[in-house]
Amino acid sequence: MKVMKFGGTSVGKPERMHQVATLITNETEPKIVVLSALSGTTNTLAEISHQLSLGYKTPAKKKIDELEAYYKNFVETLVVTEAAKTEAAEIIAEHFDFLNIILKISYSDALNKDILAQGELLSTKLFCVYLKEQNISHTFLPALEFMCIDENEEPRLERIVRRLNALLKDNKSETLFVTQGYICRNAREEVDNLKRGGSDYTASLIAAAIEASVCEIWTDIDGMHNNDPRVVDKTLPIEQLSFDEAAELAYFGAKILHPTCIWPAQQKNVPVKLLNTMQPNAAGTVIRQEAGSVGVKAIAAKDNIIAIKIKSSRMLLAYGFLRKTFEIFEKYKTSIDMVTTSEVAVGVTIDNDLHLAEIITELEQFGSIEIEKNQTIISIVGNEISRTEHVLQTLFNSIKSIPVTMVNYGGSAHNISLLIPSDYKKETLQLLNKGLFNL
Ligand code: ADP
Ligand code: ASP
Ligand code: MG
């Protein structure tokens, strides 16, 4: 059995949904199809939720109405029979009734998660209406019945395995299952999600849970490119990546993959393929245990980074200092990306400023604190990259004009990371594209 995940743009237009139906019925291997919300929907839901959190009901209502009109228009082209149109209209009415009801109740974080879940609930149900109209036999698997996270917002893999396999066992003869990406239940059994872009994570968790033959991530580009195609003009797809390389790229900003979506597939050694819905015959990228080659493969950039420098001549020589420092970040559930140390200072970066004020207050007991906001981590990723000849020389020769704030080298054999002010991101990515890839 395999997993096929289709992202927002792959289901964002009626004709794309039709194409997805063709793609999933082209071959006979049993499959679980994971769908995202239609492109733009989760952003709109997040805006509605934000407005409601501020008490701005009128603009929220306007957005809800516009979104409803968009969906009504969408199903006009999605399906043709009266029966299917009626069914689709009922689904839309159900979900927009919900959104209109929340205008009248008080806002909470749990409600926010409910609002954000509407996109995947709608896309999967409407897709199933189309499949039914086409007489394509399938079973709908509600993600809220098996996808779950614990109190630390980590997936409960064992429970997912148990629940999902029980659902599959109930439908033994079925060869096509459809489910939602992104949404799940949390430790309080409320509706929650796997964070933005989380449908990839759903796909990988399902792939691990059923030990799938492959986890296919279908999107709007022909695989992982060597550099960010949104920023740099000339980029090329990469044929093969190891799990470790892909995980580093995803974590450090390659938007094509959710930051932590590789580990479940890696744990069960399920290959992950990145494929293009618009160009289904393109080779794409395969991610597996083996890297395929040695050396620089790709560059990714992660924005909104904060650098924190702790300066102290007193504490650093004392052992236990780093532990005490890191414990503060642990206490506030704030993960550290980059670390550098010198005799008198420790520099770290974080991407989550939720508890920045508390962290700074606690760190001040160790020395003076310097903060630099609006930083970007540029990660250069490749198998055994840190042992590749001349890589550092070529790297720094190509970015002579860039004021680098911090460097991480040697921690991972697959990654060299630079911290730069975000204003220099585009220039840095372009210079590295020329210097490292001659593109
Ligand atoms: P989906 O909606 O299918 O999940 P995403 O928008 O999340 O799609 O991811 C695909 C997008 O990721 C591409 O359109 C591309 O702009 C962006 N992207 C960023 N970095 C890379 C990269 N290194 N390789 C390929 N795509 C990338
Ligand atoms: N719909 C969600 C989002 O936009 C999840 C996803 O697309 O992966 O973040
Ligand atoms: Mg995505």
Side-chain angles (χ1 to χ4, degrees), residues 5-10 23 197 200 214-259 261-262 265 271-303 376-399 402 412-418 420 424-439:
K5 175 258 167 176
F6 294 88
T9 39
S10 304
L23 275 171
D200 302 330
V214 59
C215 175
E216 294 179 351
I217 308 278
W218 290 83
T219 181
D220 60 356
I221 190 165
D222 55 346
M224 178 75 81
H225 279 218
N226 71 302
N227 205 331
D228 194 327
R230 296 166 299 177
V231 182
V232 173
D233 288 337
K234 260 179 147 179
T235 61
L236 292 172
I238 303 161
E239 220 174 287
Q240 187 173 331
L241 287 168
S242 68
F243 288 122
D244 290 340
E245 288 173 323
E248 300 261 19
L249 285 168
Y251 186 75
F252 286 110
K255 192 199 169 218
I256 187 170
L257 286 174
H258 175 278
C261 78
I262 289 296
V272 177
K273 279 190 182 167
L274 307 181
L275 297 158
N276 189 347
T277 314
M278 274 59 93
Q279 248 178 283
N281 295 323
T285 300
V286 59
I287 301 164
R288 54 159 68 107
Q289 206 60 51
E290 308 77 32
S293 61
V294 168
V296 181
K297 289 242 183 91
I299 306 165
K302 186 172 171 181
D303 295 324
T376 292
I377 296 178
I378 305 282
S379 283
I380 298 101
V381 172
N383 179 33
E384 301 291 333
I385 185 177
S386 59
R387 288 190 265 278
T388 308
E389 226 179 309
H390 306 310
V391 69
L392 279 185
Q393 196 181 345
T394 318
L395 172 60
F396 285 105
N397 276 342
S398 56
I399 53 162
I402 307 296
S412 153
H414 319 295
N415 179 322
I416 301 170
S417 290
L418 313 172
I420 57 155
Y424 289 88
K425 169 178 155 177
K426 186 169 182 166
E427 189 184 345
T428 308
L429 290 180
Q430 280 169 333
L431 289 170
L432 289 172
N433 215 38
K434 183 96 192 85
L436 295 174
F437 299 101
N438 206 17
L439 287 172

When every non-hydrogen atom of L431 is compared with those of S398, the smallest separation belongs to CB-O, 3.3 Å
Rounded to the nearest 0.5 Å, how far apart are NZ of K434 and CG of L436?
11.5 Å
Atom CG in D233, atom CG in N227: separation rounded to 0.5 Å?
10.5 Å
My understanding is that only residues two or more places apart in sequence, or in another chain, count here; which of them pass salt bridge (charged side-chain N to carboxylate O under 4.0 Å, His left out) with D222?
none
Please give me the minimum heavy-atom distance between T394 and H390, naming the atom from each residue.
OG1-O, 2.7 Å
Residues A301 and K425: closest non-hydrogen pair is CB-CE, 4.1 Å
Of all residues at least two apart in sequence or in a different chain, which pass the salt bridge (charged side-chain N to carboxylate O under 4.0 Å, His left out) check with E216?
K2
Indicate yes or no for a side-chain donor-acceptor contact from N433 to the backbone of V232 under 3.5 Å, with no hydrogens or angles considered.
no
Could you please spell out the steps behind the side-chain hydrogen bond (donor to acceptor under 3.5 Å, both in side chains) verdict for S242 and N383?
CA-CA 8 Å; S242 68; N383 179 33; 5.7 Å; no
What pairs meet the ring-ring contact (aromatic ring centres under 6.0 Å, His included) rule with one or both residues in residues 216-253, with sequence neighbours excluded?
F6-W218
Side chains of V296 and V391, heavy atoms from C-beta outward: is any pair under 4.5 Å?
yes
Of all heavy-atom pairs linking I221 and P229, the shortest is CD1-CG, 3.6 Å
Does any N or O in the side chain of S412 come within less than 3.5 Å of the main-chain N or O of H414, such that one atom is a donor and the other an acceptor?
yes
From E427 CD over to L432 CG, what is the distance, rounded to the nearest 0.5 angstrom?
10.5 Å
At what distance, to the nearest 0.5 angstrom, does OG1 of T388 lie from CG of L395?
11.5 Å
Less than 4.5 Å apart, side chain to side chain, heavy atoms only: is that true for T376 and K302?
no
Separation between NE2 of H258 and NZ of K5, rounded to the nearest 0.5 Å
10.5 Å
Can any side-chain N or O of T235 pair as donor or acceptor with the backbone N or O of N226 at less than 3.5 Å?
no
Taking C-beta and beyond as the side chain, do I217 and V272 meet within less than 4.5 Å on heavy atoms?
yes
Residues two or more places apart in sequence or in another chain: which of them pass salt bridge (charged side-chain N to carboxylate O under 4.0 Å, His left out) with D220?
none
Do the non-hydrogen side-chain atoms of K297 and L241 ever get within less than 4.5 Å of each other?
yes
Applying salt bridge (charged side-chain N to carboxylate O under 4.0 Å, His left out), name anything that partners E239, two or more places apart in sequence or on another chain.
none
Is there a side-chain contact between L23 and P280 (heavy atoms, below 4.5 Å)?
yes
Do I299 and V381 make a side-chain contact, defined as non-hydrogen atoms from C-beta onward lying under 4.5 Å apart?
no
Return all side-chain donor-acceptor pairs below 3.5 angstrom for residues 282-291, not counting sequence neighbours, or 'none' if the list is empty.
from, atom 1, to, atom 2, distance (Å)
T285, OG1, M224, N, 2.9
T285, OG1, I238, O, 2.6

Measure the shortest side-chain to side-chain distance between L274 and T219 over non-hydrogen atoms and say whether it is less than 4.5 angstrom.
no
From Y424 atom OH to I399 atom CD1, the distance as rounded to the nearest 0.5 Å:
12.0 Å
